[in-house]
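Being a predicted model, the structure only gives us computed values, none of them experimental. So that the names make sense, note that chain A is the first sequence line, chain B the second, and so on, each numbered from 1.
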Amino acid sequence: MKLHEYQSKQIFSHYGIPIPSGRVAANAADAKQIAEELGGHVVIKSQVLVGGRGKAGGIRLAKSPQEAEDLATQILGIKIKGLPVRKVLVDEAASIETEIYLGITNDRAERKPVMMASSAGGVEIEQVAKETPDKIVKVHIDPLLGLRDYQARDIAAGIDLPREHWQTFSQIGRGLWRAYLRSDATLAEINPLVITSQNRLLAVDGKMVLDDNALFRHPDLAEMRDVDVEPKAETEARKYNLSFIKLDGYIGCMVNGAGLAMATMDIIKLHGGKPANFLDIGGGASSEKVAAALRIILSDSNVKAVLFNIFGGITRGDEVARGILAALQEVKTDVPMVTRLVGTNAEEGRQILSEANMITAETLVDAAKKAIRAAQGGEQV
Amino acid sequence: MKLHEYQSKQIFSHYGIPIPSGRVAANAADAKQIAEELGGHVVIKSQVLVGGRGKAGGIRLAKSPQEAEDLATQILGIKIKGLPVRKVLVDEAASIETEIYLGITNDRAERKPVMMASSAGGVEIEQVAKETPDKIVKVHIDPLLGLRDYQARDIAAGIDLPREHWQTFSQIGRGLWRAYLRSDATLAEINPLVITSQNRLLAVDGKMVLDDNALFRHPDLAEMRDVDVEPKAETEARKYNLSFIKLDGYIGCMVNGAGLAMATMDIIKLHGGKPANFLDIGGGASSEKVAAALRIILSDSNVKAVLFNIFGGITRGDEVARGILAALQEVKTDVPMVTRLVGTNAEEGRQILSEANMITAETLVDAAKKAIRAAQGGEQV
Amino acid sequence: MSILVDKNTRLLVQGITGNEGLFHTQHMLAYGTNVVAGVTPGKGGGWVLEGKVPVFDSVRIAHEATGVNTSVIFVPSRFAADAIYEAADTGIQLIVCITEGIPVQDMMRVRNYLDQKGIRLVGPNCPGVLTPGEAKVGIIPGDISIPGNIGVVSRSGTLTYEVLYALKLVGLGTSTCVGIGGDPINGTSFIDVLGMFEADPYTDKIILIGEIGGTDEEKAAEYIADHLTKPVAAFIAGQTAPPGKRMGHAGAIVESGSGTAADKIKALQDVGVQVASHPEEIAELLA
Amino acid sequence: MSILVDKNTRLLVQGITGNEGLFHTQHMLAYGTNVVAGVTPGKGGGWVLEGKVPVFDSVRIAHEATGVNTSVIFVPSRFAADAIYEAADTGIQLIVCITEGIPVQDMMRVRNYLDQKGIRLVGPNCPGVLTPGEAKVGIIPGDISIPGNIGVVSRSGTLTYEVLYALKLVGLGTSTCVGIGGDPINGTSFIDVLGMFEADPYTDKIILIGEIGGTDEEKAAEYIADHLTKPVAAFIAGQTAPPGKRMGHAGAIVESGSGTAADKIKALQDVGVQVASHPEEIAELLA
């Protein structure tokens with residue numbers, strides 16, 4: 001779960017990291033009011049969960065409350081990478097001397113958190129990693145011991161931070177580690193961490209991504225989820241504990257198992273089709289779950305055919321088939337359906353489905369081809 | 001640093017351990033008021049930092065606010081093991097079905113915290129350890145990983161706690177671990193942890209000892225120190241960073257180094273004398289520090305002689321001698337002084353001291369014997 | 001024989017009285033796996049499945065009473081890390097964790113702890129380990145595979161079943177199938193299992209089933225080049241996965257352009273591994 | 001030669017620019033110890049003691065630049081645990097920590113961490129290690145001891161100096177003197193050092209100086225009975241210490257009737273160790 005900049009910075013502040021004074025506003029009048037409180041010289045920042053806000057005109061400087069209001073009006077009207085801006089953060093403007101990157105993420109290969117820093121702040125770390133990898137300093141953190149003070153100092157030295165800032169930098173590093181640890185984050189980054197012209201360190205922008213699997217122990221953080229920014233279908237899918245991702249193709253996919261679901265998408269593509277979604281219905285396949293999944297798939301008007309790919313393992317094929325039939329009773333549609341059932345009791349399952357108005361297939365390749373043809377209107381049964 | 005029962009229970013409560021409703025009172029009127037708020041049926045508990053309060057009449061049950069006031073008056077007038085009772089805790093009385101012991105302390109030999117529990121609660125754990133050691137269940141805690149839930153359950157099973165209480169008991173165990181960890185305690189114990197007749201678990205009495213060396217990171221806890229209960233001299237010594245413990249003998253000791261200080265006390269005893277104190281003045285020996293130490297030693301009217309035992313190592317003997325002389329200028333006394341200086345520049349030091357009105361000695365045995373004789377009035381120079 | 005689990009496995013089921021635990025214990029027993037004990041805290045002293053398996057309150061008690069040497073974990077995700085510690089602290093040397101959805105920071109701590117103790121964890125978020133004809137530890141359907149000489153290692157569940165089943169359909173059998181799980185931090189990597197298969201006399205050929213996310217497949221390719229003499233065929237799922245999205249598995253995500261299927265396929269092909277274009281093709285490649 | 005420190009010691013001083021660090025570095029250098037580098041974060045690039053010792057910002061940089069193999073720590077107690085981790089993570093195999101007053105929970109974590117890595121820590125709250133004529137690492141005065149064949153191990157500081165000095169006065173010398181420190185949780189125990197002395201060809205006799213608190217002396221007695229062939233004499237301080245009070249050293253406390261001097265003396269005497277009634281007597285026992 002991604003957090004907005006303003007949410008991330010609230011958390012940072014809670015752990016002792018200095019952030020600019022500021023508040024979030026959902027309309028231009030509030031933005032003006034906040035700008036007045038902050039003395040007029042502010043920065044208006046769109047709160048959307050994508051990068052590149054600056055280039056898209058989503059971050060603007062205002063020299064007066066009136067200008068703040070005008071700019072907020074503009075920014076609240078635009079879309080950035082397709083996402084409408086619903087909130088702006090109004091922050092006291094800082095005069096920036098130096099920009100630093102400081103972040104913590106999980107290093108899968110080392111199975112440890114890694115703290116990364118770079119003197120090339122303000123730029124996405126991936127870009128720095130590509131263009132000037134030697135500018136990135138990395139320190140792995142022992143997950144049982146936590147970040148050590150000497151490691152934070154090593155990083156400060158590694159990015160040639162002036163010594164007068166080492167102690168504050170270490171405190172910020174410790175704060176970021178605690179924010180990461182206690183929020184169960186998978187990413188906590190300050191970018192940029194700036195040195196102001198008053199020679200203070202300040203976390204001007206921040207980003208956190210939380211581990212969805214750990215939200216059960218952070219009910220306060222779970223409430224921060226902004227469902228406005230994700231496709232409605234994904235919100236709906238989460239309700240039914242379905243793993244769903246919308247894509248831009250036209251063949252809806254319903255598969256049991258994440259790996260098999262990916263392989264199904266791949267094979268559709270391999271044969272010239274385009275998958276409309278990733279969907280893993282998981283183990284079992286009750287008719288309610290299948291029905292919900294089907295409704296979600298069909299809510300996308302691009303979908304011209306649906307491919308069921310089910311491997312009957314512990315769950316028996318005939319049971320799954322009945323689940324699908326029951327779901328079809330509920331969700332009336334004339335979109336063509338192709339079903340491939342393999343494994344335990346697959347034969348019985350295929351029998352049940354072919355008696356309904358469904359196209360059946362034996363192999364995955366066969367299923368993909370039939371689904372593509374059906375989508376093109378070439379075969380309705 | 002020992003905490004009072006009411007302080008320990010405040011901390012426990014902060015970490016989610018259920019404690020009885022109650023407040024501390026410094027006078028009987030307040031005790032009555034609290035008893036009224038709690039519904040009248042209360043227990044009045046003297047807050048002194050020693051065990052055996054119950055036997056000494058320091059814990060009494062009251063059935064009405066008036067009785068609470070009367071009992072508080074009584075208890076606030078007594079001394080327990082020489083310590084005056086200055087505060088009482090007024091707690092809602094619990095009807096107790098079962099008493100359990102649950103505590104965490106440091107196991108030096110294993111270099112790990114150890115959680116201990118016993119179904120024989122309400123008794124001091126040392127006594128249980130002596131009389132029925134098989135009633136104590138111990139689990140060592142990995143200091144890097146912390147208490148695991150399964151360990152708390154193992155303990156619950158080990159003391160034959162009814163299963164319905166396992167989950168709550170585990171939560172209390174986790175709370176106690178966090179209280180111990182986050183307070184830098186060396187001991188955190190609930191004794192007794194009771195099952196009430198309403199079948200609830202409740203921490204009726206508690207005790208915490210904090211690590212003095214870690215108080216720098218717990219300014220809030222450091223403020224809880226009750227200086228009323230320790231000898232004035234020890235409070236004074238702490239100010240000067242002197243390690244001082246009052247004893248009941250008559251030969252004051254001033255030594256550099258803790259081991260040597262203990263050995264000095266031992267040898268006084270070996271030769272028939274009685275040390276009046278333990279005192280380690282540490283490295284160096286500035287005249288201010290020596291003067292402060294001397295004042296503290298002489299504030300005890302039992303002291304009939306003072307023995308200086310100084311090993312000149314990195315610190316030179318002549319320097320130490322000058323420090324002692326300067327201190328004697330400040331602290332006028334006619335208590336006889338015996339000085340033993342050994343090590344670097346000891347000869348020069350002895351020279352300086354013998355010119356003053358001091359008895360000098362070469363060996364530790366010699367010094368002890370001379371101090372004992374001086375204390376008995378046998379030798380004034 | 002083969003690797004990890006076999007006739008000598010004395011299995012403990014942690015979370016045996018839960019729906020999943022009980023259901024799969026039944027299937028494991030039916031397969032002939034030597035399930036000797038179960039644990040559910042607070043339910044010790046009972047039996048499940050018509051008296052076939054005794055239930056204990058803790059792993060320690062179960063271990064003392066029955067001498068289990070392997071544990072399979074079905075407890076809910078919020079308790080799973082604790083269950084792993086409990087098994088590890090009791091000295092069980094092989095732990096198979098089926099549970100999905102364990103917080104990743106928990107797993108980093110678990111993995112670092114187990115590494116210190118030298119204890120092997122398979123999973124979490126995995127279908128378990130199957131040695132056809134000998135033992136089934138986890139949830140891989142027993143009837144989709146026959147004994148044989150092909151070692152299978154995979155990050156996936158049903159996709160693996162596809163492959164086992166496709167092999168069976170053409171008469172090929174499996175020495176052991178190891179599901180290492182779809183989480184970003186797990187106990188056993190491709191490399192670990194490849195090393196075991198290379199050393200195992202019952203395995204002659206190896207199938208590796210990977211997917212997007214991380215660099216485990218790339219490392220496996222290096223390892224194959226340096227250490228493996230047995231032929232390896234592979235399939236990588238997720239060629240069409242969009243970047244930045246978790247494809248069901250917590251570990252299946254293309255991040256900052258790294259972890260793509262294309263990279264993995266290239267790394268494997270570069271060291272001479274045949275990579276199938278769809279799962280059913282693997283059987284053909286090894287036939 | 002002897003144990004732990006000698007002519008081959010290449011010493012790093014952590015906290016070299018502090019009062020204590022600088023003062024004792026001077027003495028260590030004067031003694032002939034090979035002090036090759038110092039560390040004080042934020043002061044890297046400078047030199048101390050008229051250009052004799054370079055100062056670095058971190059142990060890693062100092063290690064890379066000078067190849068230190070031993071570290072002695074003088075940093076204040078609240079930063080000392082971090083200094084130990086820094087030395088350990090850099091791969092320094094012997095760390096001597098002089099600092100007094102480190103929180104005991106910090107030390108439990110440190111000790112458990114170092115044990116995993118197999119790194120030796122002497123101290124904290126100790127006077128260090130002295131191999132007369134070769135190297136002095138810490139604060140033991142150099143001129144109170146001469147080279148010889150007696151190994152000394154002690155929980156105390158000045159009390160140890162007494163013994164070294166008493167030995168010197170009767171012409172006896174020391175192979176190595178190891179101060180293991182007065183804290184309840186430390187890096188090196190009596191047993192560890194007794195084992196090293198037993199194996200050391202330069203040590204013929206051993207002196208053990210204990211004090212109240214804990215059970216390290218009792219364990220040493222057991223170890224002596226089982227493993228030592230060389231004669232051991234001992235002194236235990238604190239016979240008159242009242243229970244429940246910390247006698248200066250954080251570890252010197254009689255708790256719940258355990259850790260008394262009487263118990264320790266009896267345990268040692270029971271295994272044939274001669275226990276002196278006062279420190280000066282030890283020299284006589286070994287003469």
So with a 6.0 Å cut-off around NZ of C/Lys219, is the heavy-atom count from everything else above 12? yes

Does C/Asn19 have more than 12 heavy atoms from other residues, nucleotides or ligands lying within 6.0 Å of its CG? no

How about B/Asp134: does its CG atom have over 12 heavy atoms from other parts shown lying under 6.0 Å from it? yes

When the 4.5 angstrom heavy-atom criterion is applied to B/Arg148 and chain C, the contacting part is both

So how far is it from C/Asn112 CG to B/Leu144 CG, rounded to the nearest 0.5 Å? 11.0 Å

Would you say CZ of B/Arg217 has more than 12 non-hydrogen atoms from neighbouring residues, nucleotides or ligands within 6.0 angstrom? yes

With no hydrogens and no angle check, just 3.5 Å: does a side-chain donor-acceptor pair link B/Asp142 and C/Tyr85? no

Return each pair, listed once, that meets ring-ring contact (aromatic ring centres under 6.0 Å, His included) where at least one residue sits in residues 177-205 of chain B; pairs must be two or more places apart or across chains. B/Trp177-B/Tyr180

More than 12 heavy atoms of other residues, nucleotides or ligands under 6.0 Å from CD of B/Gln198: is that the case? yes

Take atom NZ of C/Lys117 as the centre, draw a 6.0 Å sphere, and report whether it contains more than 12 heavy atoms from other residues, nucleotides or ligands. yes

For C/Asp82 versus B/Asp149, what's the shortest heavy-atom pair and its separation? OD1-N, 3.0 Å

Within the structure provided, determine whether B/Tyr150 and C/Val59 are in side-chain contact (heavy-atom separation under 4.5 Å). no

Greatest number of non-hydrogen atom pairs under 4.5 angstrom with chain B, of C/Ala81, C/Ser58, C/Pro41, falls to C/Pro41

When rounded to the nearest 0.5 angstrom, what distance separates OG1 in C/Thr90 from CG in B/Asp154? 7.5 Å

Which residues in residues 158-171 of chain B have a heavy atom less than 4.5 Å from any heavy atom of chain C? B/Arg163, B/Trp166

